Structure formats: C-alpha cells, structure tokens
Amino acid sequence: MTDFFRLSFLLTVAVLSGWPNGLLHGQSTKVYSDAFGVQGRITFTGELRDSVLPEKGPYLLEWRRVEGDTLYTYRISGTLKNNLPHGTWTREEGDWRYALVPGKDIRPALETEGVHEVWKGRFEAGRAEGLWRYAAGAPLVNPERNDSPLRIEARMRKGVIAGDFQVTDRRDPAAPVIIEGRCDENGVAAGTWILRYREDGAEVTERITFDAGIAAERTFERGGISESDGRTKELKVLLNAARDSAAAVRIGSENFGPETLTGKAGAFTSRYLYALFGAPHGPEEFPLDIALKPPVFKRFEFPLSEEEVVLRAKTEEAAEAVLSVLEALFEERNLEIERARSPELDLAVAFLQAVRSRMRKVEDLMSASRDPLFTYIDRNHGGAAENLRALNRGAEVRGKFYEEDVRRLDTVATASSDTRYFRAVYDLTKAAEPGITRCLRTIDGIFADFKKEGELKALEARITDSAALLDSLYADASGMAAFIAERFIAGQITDDLRAYANTDGYTEALEAGSKLLRDMDTLRSLYPDWEKIDRAEQNLEEGYRYFAYNPYTGERDIELKVKVRFLRKVKTVLLPYLKTQVRESGNLHNLVESTDRFLRTESELLRFAFLDERSDKRVERRLRKEDQPARMYRIFTAHMKDR
C-alpha cells in the first residue's frame, strides 16, 4: 500500500469510527497500532488492565479491524463503577466493505458499503436493567428512532429479558417480520407472543400462548383463515396433569433454548433474540461480554415410575448376560475367518453379530436413560420413538460372504401411542435368546469340521482377535473413520478374508494370513488418527484462540482471536487438500504416508500460531494470498523446516 493510499485509508477509518479530538478531564488514552497505523484507542480513568475494566469513571473504546476487503469498526462507551458497567452504555459496530476506485482527479476515491449495529441501554452493577434497544442498518442507525431497518426493544431485569420485547425487521420490504412477546421476571417465555411475517406470498399472523414457559397453544391466520396447532388439546391435558403432584408428568426445572419451538417461531427466536440481541461481542481489547440473556423455555418432564426403574435394571441384566455369552463365543473361536467356508455358518455368525450389536445399543440406551435430561423425553412421542427406531435398524441379517439367505431379528413398534418404552426394550432383549440358542447349535455342529492345529491355528486366532477389534473400533464410526471402514475394512479386508479362507496350500495360507494381520494392525493403529483429522479444524480454532478469566462471571468465556485470516485460508484451502490426499490413498502404504503428512502439518500449524518473528509474519502474508494448496503446503513446510 503506497503512502497516499495508507493515508487515505486511515483518514476514512478515523471518520467511520468517530474518534474524538480531545480527552475527557482527568482521563488517559492508550493508543494501539498495527501494520496500517493507528488501530484503536481506549479513553479511561485510573488503571487499564487486560482482563478487568477500570474501577470507575467514563470509558470509551474505539477500534477498527481489517480482514480482506472488510473493515470492522467498534465504539463502546459508558460509565464504570466498582469495575462494572453502571448507567447508560452504548455499543456500536460497523462492518464496512471498501474498494478503491478511480477519482475525478489524480486522487482515487474510497467507496464503502456495510451495516451499522447499535446496542443501547442501562446497567446496574454490571447487569442490564430497564429498556434496551438494538438497531441495525446502513449507513448509520439510531436505536432510539423507529425508522431503522432492523430494530429490537426489550425490558431487562438483572441481565435477562423480563417484560415486553418487540422485534421489527423491515430490511426486506416485501417480507417484513414483526414479533411481540413477553417474559416473566426469570426470563421464561410468558403470555401470548405474536409473530407477523409472509410465507408463500401470504400474510401470516402466528400466536403462541405460553403457560409456565411451554408453548401450550398455537394458532395461525393466513389470508383471514385461522387454524390451530394439532397438539393444542393434548398439550392442555398435559399441562393440567403436570399441576397434579401425583401425575407422571410435570413441568421441568431445566431451561431450554429456541430449539423447543418449531417452525418460524424457533427460527426467528434464534435469528433475532439469540444471534443478534443476545450476543453483542466486541473486540478482544474490551474485557467484558455484554451479552443480554435471551428468553428461555420449558419442557414437560416424565420422571421414571417404580415399574420403569425395575424394568431398566432387568433389561441391563438381560443384555449383559447375552453379551457375556456372545463375547466368550467370539473370543474362543475363529468365527470371523471360518464363517466363509459355509453359508449356514456365515448366516449364523451374522445373526449373532447383529444380536451383539443390538445388545450394545440396549446398554447404551439404558445408560442414557440415567442422564437427568432423559426424563424430558416424552416416552410416547419424539425422542423415545427415535431411540426405538435406532434399535430396530439392522434387523434384516445377511451373511458376509454368502448373501443369498436372510434372517430377521424381532422388532418393536414405534408408532403406537401407548408404547411403553422400557417394557418394549426389555421384551426385545428377551426375544433374542431363542435365536441365539439355534445359532449356537448350528455353529457347534459345523465348527468341528474346521478345527486347525499348529501355527496356522494360532495365526487365525490372532486374525480373529484383530478383526473383532477392528469391528469394535469402526462399528459406529463417523467422519473419516466411516470412510476408512467402507473403503478398506468392508472392501479390502473383507476381500482378503474371503481369499484367505479359500486358500488351499498351507504355506500360501500363512503368507496371506500374515499380510492380512499386518494390514489389520495398521488400520487399528491408525484409528485414533481419524478423529484427529475430523477435529483438525476445531483443534486449530482452539489453538489460535485462548480463554481469559472473566471476573464478572467467574468463568473462562472470553474468546481472544489471533491470526483469523491465516486460519481461514488454512481451513478452506490447505486442510481440504491434505484431507483429499488421505481419502484418495490407493493402498495402505499411501494411507499411512498421507495420514502422517496431514497430522504433521496440523502440528506445525499449531506451533506456527505462536511464532511471531518477522520471517513468520512474511510467510503468513504469503500464505494468506496463496490459493494453490500444493504450493501453499510447500511454502509452509519449507519455512517450518528452518524453524
């Protein structure tokens, strides 16, 4: 950037930020700079520390941050008392996209467009109190006027919405959104909320009446025609029952977010009261998150009855007994190899594996039912039915090597309104026992013909153990692990097992089995790396951020952002390139190399986050401008090799 362009740019920033020309009496100003010059300034009284606001007096922070072609400006002002906001505060943010264009004379012009956001309200002892307003629009907005394209007003009490609120969004004149509602003194949704919006070209007025935080009644009006939510009567029955101390349902004490609401109501609550009004984050140099807590909602809780507690214990006992028999069977015999020799044996083993998988799911469901939030699942609807559907998956069983024959496990109905959750799971668990007995007889009758001795038998035992461990590791895999399971385990390893089982020569069997064992050991040793690859972006995010102690909440909850543009380029260009190399590995040798390359690069990226010498900054700038992933990788690795 030339000196002229730099001067023009900084003058524009100064105008946008509205920096004052003088200081308030008795105050100090700390000025911060970056590569572009003055980045921001803080005007304060007393002592300025990194993690705590000054003790008292007026406070003013003005800041700007540049990312690519976007300029972010901030202005936060108010009065402090006992290191906390007290009195009226204003927080402004501007997101401006700028471009240099030819001017009318020799000087170029700077064009900008963007969005201006303002939060304004009063604090008492660090907590929002009274009327708070938010406005957003372009080029500049005033939250105290009604003409802003997006405007939110809410009555606050001790930091939570406790009273009336209103959202008015007219940014799209063809599809305005208006929301009016209320929360009680604890921030719980109360009264009747009214939502006005357009849907499929029609004007819609939606009314939601909250009873104790639960959306108990819902009506829609479209083009003068009214309709009611189908569950309104049922919800009223549940509400009446919940107020009876002896009933099996009650209004839970836990707080929930907008996911409790469905349709537009949930989407609008998330979009406005959570994403905008509830989270006005500032630059990292302002050590306080001025978050205004949005509304919370309630759900029905369905505590376990004595009968259900007994059934759960019996189900856990039955599932453990079945698993004990099956685990011993698969540990003692080389079934994973020998099953390829007979369709009957193949199907019997597949059936027992399916039962084992189901029993493990049963154990997981019973364990999950001990989580306090489980009691918020209506066991006649919703989450409970989905759990039962998950239990039913895989009921159709086919052999691994011979797919002609099919057997089916018992299933449980999930659509019946009188389904009793724990009874259904218990009955399904007990129903597996007769099928297990039949399969064990089949295996005992066939297995005697396939016994082997000596070195080959020992090798088969090791292959069986390794195959069982692979199946266990990759059984419920997701992300990269699921891809590897499909590509190498279900593909290459399965083909190799089939070829080994049909090998006639003793020497050939030893060679094939040894190679198979090495390949399985490789896939087992690589398993932890798949989660590291899946979490690479998150790990880098965490590595490029750190959390500072928040004295106002007693928690570590302030994100301080570092090298954001470089991290974005790494996430969008370099990591996808390295992950593609892993996915396109044609064999295990290449898979090991590409996986090692990915993890080694990730580790170097984390180390690079804390390097701050001139050469590091120069390389960082080069990489931010580089769009060719292979070249980006070469530049980075060459630099880190010298570091």
Side-chain angles (χ1 to χ4, degrees), residues 16-18 58-63 72-81 84-96 114-173 176-191 193-197 258 268-283 286 288-296:
L16 291 175
S17 299
Y59 177 93
L60 173 64
L61 177 145
E62 297 162 303
W63 208 262
Y72 299 91
T73 57
Y74 303 92
R75 191 175 194 274
I76 304 174
S77 62
T79 305
L80 299 168
K81 180 179 180 181
L84 294 172
H86 192 84
T88 300
W89 275 69
T90 302
R91 179 200 177 280
E92 299 180 63
E93 177 178 343
D95 298 350
W96 314 97
V115 176
H116 180 217
E117 297 179 272
V118 184
W119 288 260
K120 187 171 185 179
R122 184 169 56 85
F123 280 102
E124 288 189 9
R127 293 195 288 188
E129 196 74 29
L131 181 63
W132 271 77
R133 295 185 174 97
Y134 166 83
L140 296 174
V141 293
N142 185 341
E144 297 182 343
R145 295 178 55 177
N146 296 325
D147 57 355
S148 299
L150 174 59
R151 192 167 185 272
I152 305 174
E153 283 191 358
R155 290 281 174 184
M156 308 298 297
R157 182 175 181 272
K158 295 182 178 180
V160 303
I161 295 180
D164 296 333
F165 69 85
Q166 184 176 44
V167 176
T168 305
D169 184 358
R170 293 193 174 91
R171 289 174 295 181
D172 182 357
V177 176
I178 298 176
I179 308 173
E180 298 174 350
R182 179 171 65 85
C183 296
D184 67 15
E185 62 180 8
N186 298 314
V188 179
W193 289 21
I194 301 175
L195 291 75
R196 297 182 176 89
Y197 54 90
F268 288 154
T269 303
S270 296
R271 182 187 305 172
Y272 300 115
L273 298 180
Y274 276 71
L276 294 178
F277 192 63
H281 302 290
F286 184 69
L288 178 64
D289 190 355
I290 311 181
L292 312 176
K293 295 181 181 178
V296 296

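Only this structure's heavy atoms are used, side chains among them; waters, hydrogens and symmetry mates stay out. Note that this is a predicted model, so its numbers are computed, not measured.
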inquiry  = Rounded to the nearest 0.5 Å, what separates atom OH in Y274 from atom CG in L292?
reply    = 12.5 Å
inquiry  = Would R157 and N186 count as a side-chain contact (heavy atoms from CB on, under 4.5 Å) here? Give the steps.
reply    = CA-CA 8 Å; R157 182 175 181 272; N186 298 314; 5.6 Å; no
query = Does F123 reach the side chain of L84, with side-chain heavy atoms less than 4.5 Å apart?
reply = no
ask   = What pair of heavy atoms forms the shortest contact from A136 to E117, and how long is it?
value = CB-CG, 3.9 Å
message = Is there a side-chain contact between C183 and V160 in this structure, where contact means two heavy atoms from C-beta onward sitting under 4.5 Å apart?
response = no
key: Least distance between heavy atoms, P283 atom then L61 atom   = CG-CD2, 3.7 Å
inquiry  = On a heavy-atom basis, which atom in L288 and which in P85 lie closest, and how many Å separate them?
reply    = CD2-CG, 3.4 Å
ask   = Using the benzene-type ring in the case of Trp, are the ring centres of F286 and Y59 under 6.0 Å apart?
value = yes
Electrostatic pair R91-E93, nearest N-O below 4.0 angstrom = yes
message = Any non-hydrogen side-chain atom of T269 less than 4.5 Å from a side-chain atom of W193?
response = yes
query = To the nearest 0.5 Å, how far apart are NZ in K120 and CD in E144?
reply = 4.0 Å
key: side chain to side chain donor-acceptor pair (under 3.5 Å) partner of R151, the single match among D169, T168, N146   = N146
Non-hydrogen side-chain atoms of E180 and D164 separated by less than 4.5 Å = no
inquiry  = With a 3.5 Å distance limit and no angle check, can you tell me whether H86 reaches the backbone of A125 through a side-chain donor-acceptor pair?
reply    = yes
ask   = So do the side chains of I152 and L273 get within less than 4.5 Å of each other, counting heavy atoms only?
value = yes
Side-chain touch T90/R75, heavy atoms, less than 4.5 angstrom = no
Spacing of I194 atom CD1 and I179 atom CD1 [to the nearest 0.5 Å] = 11.5 Å
inquiry  = Can you tell me how far apart OG (S148) and NE2 (H116) are? Round to the nearest 0.5 Å.
reply    = 9.5 Å
query = With a 6.0 Å cut-off on ring centres, are F268 and Y197 close enough?
reply = yes
Pairwise distance CE(M156) to CG(L131) - rounded to 0.5 angstrom = 10.5 Å
inquiry  = I'd like to know if R122 and E129 make a salt bridge, using a cut-off of under 4.0 Å between side-chain N and carboxylate O.
reply    = no
ask   = Hey, mind stepping through F165 and W132 against ring-ring contact (aromatic ring centres under 6.0 Å, His included) and telling me if it holds?
value = CA-CA 9 Å; F165 69 85; W132 271 77; over 10 Å; no
query = What are the two closest heavy atoms between R170 and P176, and how far apart are they?
reply = CG-CB, 4.3 Å
task = Kindly indicate whether the side chain of L150, heavy atoms from C-beta on, has any atom under 4.5 Å from the side chain of L276.
result = yes
Point-to-point distance, once rounded to the nearest 0.5 Å, from CD of E62 to OG1 of T73 = 10.0 Å
query = Is there side-chain contact between L80 and W89, with at least one heavy-atom pair below 4.5 Å?
reply = yes
